[in-house]
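Note on naming: letters A, B, ... go to the chains in the order of the sequence lines (proteins, then strands), and numbering restarts at 1 for each one. Side chains are part of it too, since the values below use all heavy atoms of this structure and drop only hydrogens, waters and symmetry mates.
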Amino acid sequence: MVSLQSLTRSQLEAVLHKDGPLLVIAGPGSGKTRVITNRIAALVDSGVKAGCICAITFTNKAAEQMRYRVESMAVCRGVHISTFHSLCVRILRQYGQLAGINGNFSIYDEADQRRCAKHAVERAKLDGKQFAAAKVLEYISKLKNDLVSPEDFAGSADDYFRKCIARIYSHYQAVLAENNALDFDDLLVKTAYLLRDHRMVMEELNNRFRYLLVDEYQDTNHAQYQIARGMSLLHGNICVTGDPDQSIYAWRGADIGNILEFELDWPNAKVVRLEENFRSTPNILGVADKLISFNTERKIKKLVPVIQKGCDVETGVFEDEQAESESVADGIANLLKNGTSPAEIAVFYRVNSMSRMLEEALVLRQIPYQIVRGIEFYNRKEIKDLLAYLRLIANPADNGAFLRIVNEPARGIGKISLERLEIFASKHKMSLYSAVEKIDKIENLGPAVRLKLRAFAAMIEKFKQMTKKPVAELMEHVFQQSGLVDGLEREDSQGHSKASAVENVEELISSARKYDELAKDTPQAGLVDYLQQIALYSDTDAYDPSSPKVSLMTLHAAKGLEFDNVFIVGLEEGLLPHQRSANDNRSLEEERRLFFVGITRARKSLAVSMCRYRTIHGISARTIPSRFLFEAGLKVRDSEKRQVENKINDFKYDDADSQICEYDDSQERLFVKNELVSHQKFGLGRVQEFHNLGENSIVVVRFISGKTKPLMLKYTNLTKVR
DNA sequence: GTGAATCATCTTTTT
DNA sequence: GATGATTCAC
């Protein structure tokens, strides 16, 4: 335990507040983590049993880190620390039967969900093109996050589209139930309902966890809010920590209102504000502060710097992403040369696809890096295939798993045969797997296919007998016996075997071995538990703070982390703020917070950059500097070194003042919403937004093609149509 | 009926 | 540039 003397007065207040609701509004770098761990220690110190404390974090990784910190204080061993989703899995396995949930449920990932959604659209007899799976799922997910059931929604849906969605939603839930599967959102939804509808569950959980702690509370959605509330209803010992300015998950249903209205919900709540910043230099904080002040929906909060002045935030403008990447890599190489540890350097970007160029530049300079969530490990084909075998073994009702592997490796069981199997299964309301057991009753199947399907089922039955063995052993066995390994080792037409795929599977098996080791003494250990855990594991969790590597990650993944030196790339309109968020003010403010989060990760140095041209979807296009650069007061100037003298570029970004007078100030340069305009390349369009930023004014135009584009007035030839 | 090959489509962020 | 749907050759 850190000596209490080293805490500030407000930190101390939060640490020592024992009973009753507590809201900690903690700005970036304000020592929140320290407060949480010390508060847990203080609770245990005052006689609370460690097992009665439950801390909920946002990511598995955060849980792991907190577990590490808390358990390093020996008395605190036994505190329950997990994410909402893991906690829900545990609750559902224990109490799920009350809501008709079989304990060995599968957890469906995006691909499985898409399949179910398609199925649901079919059953609702609607057009799969008009109701694309991704769109439908997005809608359903929103409903679930708000705890709106299919019945509720069917009752309130008043237009055609919503009525259709309501039908699909209800079919979708039926499909999931048939597969004995829950999707990510269901984990929360079912738990919230369990707490609401079964007083016994609520009481038991309240008695078990006398103290509840929720971190990153600004990013909780309504379902999570209800779960947290239900779990502390009887004792009221709920402590939430977070920062409204760092809410970046509204798109996933996070409700910033949860934190803003905590005091309404718990009128006797104590509120502590941590506004001092022990992390960043005043230079960095100044930029963050200026930027975030452009947001209207916020509680005014100052960032009070504590540490001394450092160097200024650098802004680079580059020709294209290659030049940008090289400059970043050079900058990193320089830092390393001066003795900085690679673990203290990070590069952030808005979208995952932007990592490629950076990687190339780093590889070239032999700089070690780790990429947080690159091509996701658990999304690889070979991994999903093997896991699908295990899923089917654990949960024979899992049609998704069945379809994935019944012909993987190829066994000569084709689409048409499977269609017939599916028709039979749905007619008799059974799973595909049990339909195979009744295969003699199915008409229209060739004798060869019958034989093949029977052999497949026999193989799965054999695997089933091994489920008591350690997961790693079973996995190894399945990998060998299923024929997957042969498929991967066999050389393809170009003479390459998929050695890396085999390596990936080996990695999976060794991680299963680790699981067997760690879980062997817990009562729930086994195949089902393993699969349920792994389903919640994302590659974000692969980030290892102790390894001496430069970190590359999205701005979202950067939440909760800090580094001495930070690079943020791609400060361009359409990218940051992202195109799809530029339409309404709320998501624009979220983009601003996203940049804010990125900025405030940096302790000593921060460099942001943009490109004049960026290649998106194979086409290189002229970009517009992000409005956030101007808002943050960042001077955009050419970085001299890497500039290619290009006469075609009839403009320069440097020293904005020098070019104010490049165009006259007439009314021609002021636009209003819905005004008709014409662009020499894109044609006719209507003004959607106009941001009057002087010479940096931005017009967002929806063109006749249906595309909406942000344009920087000074570089575009936009004329009014009268 | 099966499996490979081509074509078309969409591409933000994540538990 | 990956994923799924469709086509095409066996």
Side-chain angles (χ1 to χ4, degrees), chain A residues 56-63 82-89 107-111 113-115 118 128-129 132-135 137-138 141 144-145 182-189 191 216 219-221 223-224 247-254 348-356 372-373 375-376 378-381 407-420 444-449 452 492-493 532-541 553-559 570 574-583 587 590-591 593-595 597-598 615-619:
Chain A
I56 300 176
T57 58
F58 191 72
T59 62
N60 289 304
K61 194 72 217 177
S82 71
T83 62
F84 265 109
H85 286 83
S86 319
L87 179 71
C88 289
V89 168
I107 299 171
Y108 270 6
D109 69 2
E110 248 179 79
Q113 287 183 49
R114 252 201 314 273
R115 189 181 52 79
K118 257 185 208 163
K129 287 234 163 61
K135 270 263 166 292
L137 282 169
E138 202 186 316
S141 177
K144 286 189 178 181
N145 286 326
L182 302 178
D183 65 16
F184 281 120
D185 301 320
D186 278 342
L187 297 174
L188 304 175
V189 171
T191 306
E216 308 285 9
D219 283 323
T220 51
N221 61 34
Q224 290 166 327
S247 153
I248 52 176
Y249 283 91
W251 56 273
R252 214 177 76 189
F348 304 149
Y349 35 81
R350 178 64 233 265
V351 296
N352 281 304
S353 60
M354 290 166 72
S355 66
R356 179 165 283 127
V372 181
R373 194 195 141 110
I375 306 161
E376 302 126 87
Y378 290 101
N379 260 343
R380 292 197 165 107
K381 183 178 182 305
N407 201 31
E408 186 66 53
R411 300 190 169 86
I413 302 169
K415 213 171 60 186
I416 310 262
S417 307
L418 286 176
E419 255 167 41
R420 289 179 183 158
N444 288 333
L445 278 183
V449 172
K452 287 169 186 162
D492 62 17
S493 50
Q532 289 175 348
Q533 300 243 329
I534 213 110
L536 300 177
Y537 214 88
S538 80
D539 273 11
T540 315
D541 309 326
M553 67 186 87
T554 63
L555 285 159
H556 281 90
K559 184 165 89 159
L575 211 47
L576 186 66
H578 194 272
Q579 183 89 72
R580 288 174 67 157
S581 298
N583 296 327
S587 38
E590 178 151 309
E591 295 285 307
R593 289 193 293 270
L594 192 55
F595 187 30
V597 166
T615 309
I616 301 172
H617 315 162
I619 301 161

Are any non-hydrogen side-chain atoms of [X] and [Y] less than 4.5 angstrom apart?
X	Y	result
I107(A)	V89(A)	yes
E138(A)	K135(A)	yes
L188(A)	K144(A)	no
D219(A)	K559(A)	yes

* Structure fact -> Stem ranges of DNA chain B by first residue number, counting only runs of at least 3 Watson-Crick or G-U pairs under 3.5 Å, come to B:1-10 with C:1-10
* Plane angle bin for Y249(A) and H556(A) - parallel if under 30°, tilted between 30 and 60°, otherwise perpendicular ->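 The arrangement is perpendicular - the two ring planes meet at more than 60°.
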Just the rounded figure in Å: distance from [atom2] of [N] to [atom1] of [X].
X	N	atom1	atom2	answer
L536(A)	dT14(B)	CG	P	16 Å
D109(A)	dT14(B)	CG	P	15 Å
R356(A)	dA2(C)	CZ	P	6 Å
L87(A)	dT15(B)	CG	P	17 Å
I413(A)	dT2(B)	CD1	P	9 Å
K118(A)	dT3(C)	NZ	C1'	10 Å
M354(A)	dT11(B)	CE	P	18 Å
K61(A)	dT15(B)	NZ	P	12 Å

Any side-chain N or O of [X] under 4.0 Å from OP1/OP2 of [N]?
X	N	result
S417(A)	dT2(B)	yes
T554(A)	dT14(B)	yes
N60(A)	dT15(B)	no
N352(A)	dT14(B)	yes

* Ring-base stacking, W251(A) with dT13(B) (5.5 Å, 30° cut-offs) -> yes
* Verify side chain to side chain contact (heavy atoms under 4.5 Å, CB included) between I56(A) and T220(A), making sure each step is shown before the conclusion. => CA-CA 11 Å; I56(A) 300 176; T220(A) 51; over 6 Å; no
* side chain to side chain contact (heavy atoms under 4.5 Å, CB included) between L182(A) and Y108(A), worked out -> CA-CA 6 Å; L182(A) 302 178; Y108(A) 270 6; over 6 Å; no
* To do: Check every strand shown and say whether Y249(A) touches a base, only sugar-phosphate, or nothing at a heavy-atom separation below 4.0 Å.
  => sugar-phosphate
* To do: Pick base, sugar-phosphate or nothing for D185(A), based on heavy-atom distances below 4.0 Å to the nucleic acid.
  =>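 Counting heavy atoms under 4.0 Å across all strands, no contact is made by D185(A).
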* **Residue whose closest nucleotide on DNA chain B lies nearer the 5' end, H556(A) versus G414(A)** =>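 Nearest nucleotide further toward 5': that of G414(A).
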* For G412(A) and for S86(A), locate the closest nucleotide of DNA chain B by heavy-atom distance; then report the residue assigned to the nucleotide nearer the 5' terminus. =>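 Its nearest nucleotide being more 5', the pick is G412(A).
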* For the side chain of V351(A), starting at C-beta, report the closest nucleotide among dT14(B), dT15(B), dT13(B). => dT13(B)
* Taking everything shown except E419(A) itself, do over 12 heavy atoms lie less than 6.0 Å from its CD? -> yes
* Determine, stepwise, if the pair T57(A) / E216(A) fulfils side chain to side chain contact (heavy atoms under 4.5 Å, CB included). => CA-CA 7 Å; T57(A) 58; E216(A) 308 285 9; over 6 Å; no
* **Single hit among V597(A), L555(A), L594(A) for side-chain contact (heavy atoms from CB on, under 4.5 Å) with F348(A)** =>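 Looking at V597(A), L555(A), L594(A), the match for F348(A) under the side-chain contact (heavy atoms from CB on, under 4.5 Å) is L555(A).
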Which protein N or O atoms sit under 3.5 Å from an N or O of nucleotides 7-10 of chain C?
none

